[in-house]
Amino acid sequence: MRLLRRSLAILALCAFSAAALPSISHAAGEGPEIAAQEWSWAPPFGRFDRAQLQRGYKVYQRVCANCHSMNLLSYRNLGEPGGPQFSEAAVSALAAQAQITDGPDDTGKMFQRPGRPSDRFRAPYANAQAARAANGGALPPDLSVMAKARPKGPDYIYAMLTGYEDPPVDFKMSTGMHYNAAFPGHQIAMPNVLVDGVVEYTDGTEATVSNYSKDVTAFLMWAAEPHLEQRYQVGARIMIFLIVFAIVMYLTKKAVWSRVHRRDHAAKSET
Amino acid sequence: MAHESTYQPTSGFARWLDSRLPIPRLVHDQFVVFPAPRNLNYLWTFGAILSFLLVAQIATGIVLAMHYQPTTADAFNSIEKIMRDVNWGWLLRYAHAVGASMFFLAAYIHMFRGLYYGSYKAPREILWILGCLIFLLMIATAFMGYSLVWGQMSFWAVTVITNLFSSLDSVIPGFGTMLVQWIWGGFSVGEPTLNRLFSLHYLFPFIIAGVVVLHVWALHIPGSNNPTGVDVKTSSDTLSFHPYFTIKDGFAAVMFFILFAGLVFYAPNYLGHSDNYIPADPLVTPAHIVPEWYFLPFYAILRAIPDKLMGVIAMFASIAVLFVIPWLDTSRIRSVSYRPIFKWFFWLFIISCIALGYLGAQVAEGWYVFFSRVFTAYYFAFFLLVMPIVGLIEKPKRLPGSITESVLGPQASSAPVAKPPKDSSVDAMPGGAVAAAAAEGRA
């Protein structure tokens, strides 16, 4: 038991240092406090809400995609397990809504065609310069891994999307910037694009800014971690295996070492 | 420890092989009947854990390299492709990234264990130095591996660290700049830099594996130290490596893997920095450039010194000093458990290392700088002043007469030596410790 307790203590120490370290390295993090939200994909057993991901894609496609690319995603991903899981027909239809530049054709010219599931999400701008020119010099970042690319990821995205408010009276705003409570420095180039009712929901979910923000955040989280559900499911099996294995190893270890302890006991009683 | 070989080939083939390439003899003598002190605690299991981790890192890394593109345009996206489109790519990549952190966690425990129990003292100086060499190679390997992600933190870490060499300009004008450009393969961190980082990141783990073989070899000459620091005197002080320590190491490794798997499957990005999910952009500097957690204490030392060149020297010295510890420590005994004065300095040193880790993540200003300097000063004072001086003036506590006595109490020393169980070959002390080529380490 002493050995088990000791090893548990060591493991606890490892776990503690592992837990303490990122909070240290993030201590230098900048920006305002971000409130934690409840998400359906919280570990260890969380899953994405398919309907939420589908709504989130709609918000992305109708609103965000006007300025933001998602270059790492393809339309086919929308039908894959663990994601929004649109039907095959729906994926083809969603892909076909986009006009994709393809080519060059036999005459050497580029041409437009409807998207196919194998196409990447159509980017709103041809290049970064075009994106900047259209957005007052600011570059709308690619959203493919956005949910992992900011401290507190999804919580931050939700807070930022719902964080537009009037600046405090003494706050000096630069021209073309917008006040946002969650954005580091509070001045963000992106305008407030979400207003109640801007995207139509057909599944009975209330069309509010809060719901839009939640849904599109969920969609971005899936986009950044498309294999998250598989990861949790495999993880659960691995953890169960390791815990059972650890118990077996502990009992074996005890059995093996009991030979030594018996011998010691015999030696002691001889004296 | 050196002992007579007890290997008996049992078949014709075994005899044939034994007279040509006696690997079964090596394994038998070094990893089956090899005598290990019976009082080794769980801190001695990290050598085996580290061996597992090295193999795991090399295995996952080789597969990752099959899919990775070391070009500035494609590096970031090729990793995302691994995460998305390669079968089990997310598992390989997260296991490799978290594995690096686990490697350092285990290595730090392993090193502090050696430091606490005086495992660097005679006759284990070379063993310790080889360990320091492995640590140095690990630092280089981990740094280069992190750079391959080619995110913002990768790119700027490479920029900051390679630029350190430009501080040599203050010694020989122009030399530092020339050196940095030679390292970069150009006038800034770019394509040639990434290519050579990838090439060396693939090479170094195999050099580490080679030094690990030497490390295990050097261990198997004097044998393991133990928590009392008292030398093995009789065969009753030891147990055969197998089954007693193979099972103990195995159990500890599984416990360690629970932590490892917990991070890989449930919090794979917990130890990383979110900025590294932003593709590298030479035109945008992150607000705070922070290394991975395992480099933070050294980063704090670098920034604690106001002069750039001196900061670089201090950072390298903080690792270099580890190599000469065997000759800085003047104590006659090994284990800190029996050193009433030094014990306090030791724990203060642990606190300093953790504090430096914390400070390395903070903005270098105000009190943070002040405390970085205080703890940096203590870091060096611990090795350069405390170790030599306390060893001379301290009166150690009474050591147990033997390892057996430390386990069974004083009466055991007068007791007749108990007969070992039949299945262990404890009192066989076979000799001729040959090169221990397998990767199983304890010091």
Side-chain angles (χ1 to χ4, degrees), chain A residues 3 6-8 10-11 13-15 17-19 21-22 24-30 43-44 71-72 77 141-142 144-146 148-153 184 224-227 230-232 234-236 238-239 242-243 245-246 249-250 252-253 256-257 259-260 262-264 266-268 270-271, chain B residues 38 41-43 77 80 83-84 90-91 94 101 105 109 239 243-244 247-248 250-252 254-259 261-271 273-275 277-279 287-288 290 292-293 296 357-358 361-363 407-408 411-412 414-421 423-424:
Chain A
L3 295 166
R6 256 194 215 172
S7 55
L8 282 176
I10 291 168
L11 191 74
L13 192 77
C14 301
S17 26
L21 286 161
I24 289 169
S25 43
H26 291 167
E30 58 282 1
N71 292 332
L72 299 175
N77 297 134
D142 186 89
S144 307
V145 284
M146 185 51 78
K148 293 194 287 189
R150 296 289 179 273
K152 301 196 174 172
E225 279 286 318
H227 297 296
Q230 189 194 11
R231 173 150 62 77
Y232 288 174
V234 174
I238 300 270
M239 293 309 270
L242 283 176
I243 289 165
F245 192 22
M249 287 297 271
Y250 174 68
T252 314
K253 194 239 153 218
V256 167
W257 280 76
R259 298 174 204 165
V260 181
R262 268 202 305 278
R263 186 185 87 195
D264 291 339
K268 257 192 180 174
E270 267 175 45
T271 45
Chain B
R38 55 174 298 169
N41 61 33
Y42 273 99
L43 288 170
N77 287 345
E80 279 302 318
M83 296 286 290
R84 289 156 194 274
W90 58 268
L91 179 56
Y94 278 153
S101 277
L105 177 64
I109 295 172
L239 293 170
Y244 296 102
I247 189 66
K248 192 168 183 170
F251 169 60
V254 174
M255 292 299 278
F256 190 81
F257 274 42
I258 290 176
L259 171 75
L263 282 166
V264 167
F265 290 105
Y266 298 109
N269 295 306
Y270 200 52
L271 295 165
H273 198 292
S274 53
D275 273 16
Y277 277 104
I278 304 172
H288 304 291
V290 200
E292 291 285 87
W293 68 267
L296 289 173
Y358 171 78
Q362 307 306 316
V363 189
V407 179
L408 300 178
Q411 68 272 46
S414 56
V417 173
K419 260 193 128 165
D423 55 337
S424 88

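In what follows, chains carry the letters A, B, and so on, assigned in the order in which the sequence lines appear, proteins first and then strands, with residues in each chain numbered from 1. The figures here come from the full heavy-atom set of this structure, side chains too, leaving out hydrogens, waters and symmetry mates.
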So which of A:Pro43, A:Ser144, A:Ala149 has the largest heavy-atom pair count under 4.5 angstrom toward chain B? A:Ala149

Let me know if A:Pro44 has heavy atoms under 4.5 Å from chain B in its side chain, its backbone, both or neither. both

Heavy-atom proximity to chain B below 4.5 Å, by part of A:Ile238: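 Side chain only.
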
Find the distance between [atom1] ([X]) and [atom2] ([Y]) and round it off to the nearest 0.5 Å.
X	Y	atom1	atom2	result
B:Ile278	A:Met146	CD1	CE	7.0 Å
A:Met239	B:Ile258	CE	CD1	6.5 Å
A:Leu72	B:Met83	CG	CE	11.0 Å

Could you give me the CA-CA distance, side-chain angles and deciding distance for B:Lys248 and A:Trp257, then say whether side chain to side chain contact (heavy atoms under 4.5 Å, CB included) is met? CA-CA 9 Å; B:Lys248 192 168 183 170; A:Trp257 280 76; 4.1 Å; yes

Which heavy atom of [X] sits nearest a heavy atom of [Y], and at what distance?
X	Y	answer
B:Phe265	A:Arg231	O-NH1, 2.8 Å
B:Tyr244	A:Val260	CE2-CG2, 3.1 Å
A:Lys148	B:Ser274	O-CB, 3.4 Å

Under 4.0 Å between a side-chain nitrogen and a carboxylate oxygen: does that hold for A:Asp264 and B:Arg38? yes

Proximal component of B:Ala252, with respect to chain A [non-hydrogen, under 4.5 Å]: neither

Is the B:Tyr266 to A:Tyr232 ring centre distance short of 6.0 Å?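 Judged by ring-centre distance (under 6.0 Å), B:Tyr266 and A:Tyr232 do meet the cut-off.
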
Within the 3.5 Å criterion, strictly below it, is a donor on A:Glu225 or B:Trp90 matched to an acceptor on the partner's side chain?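 No - no donor-acceptor pair under 3.5 Å links their side chains.
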
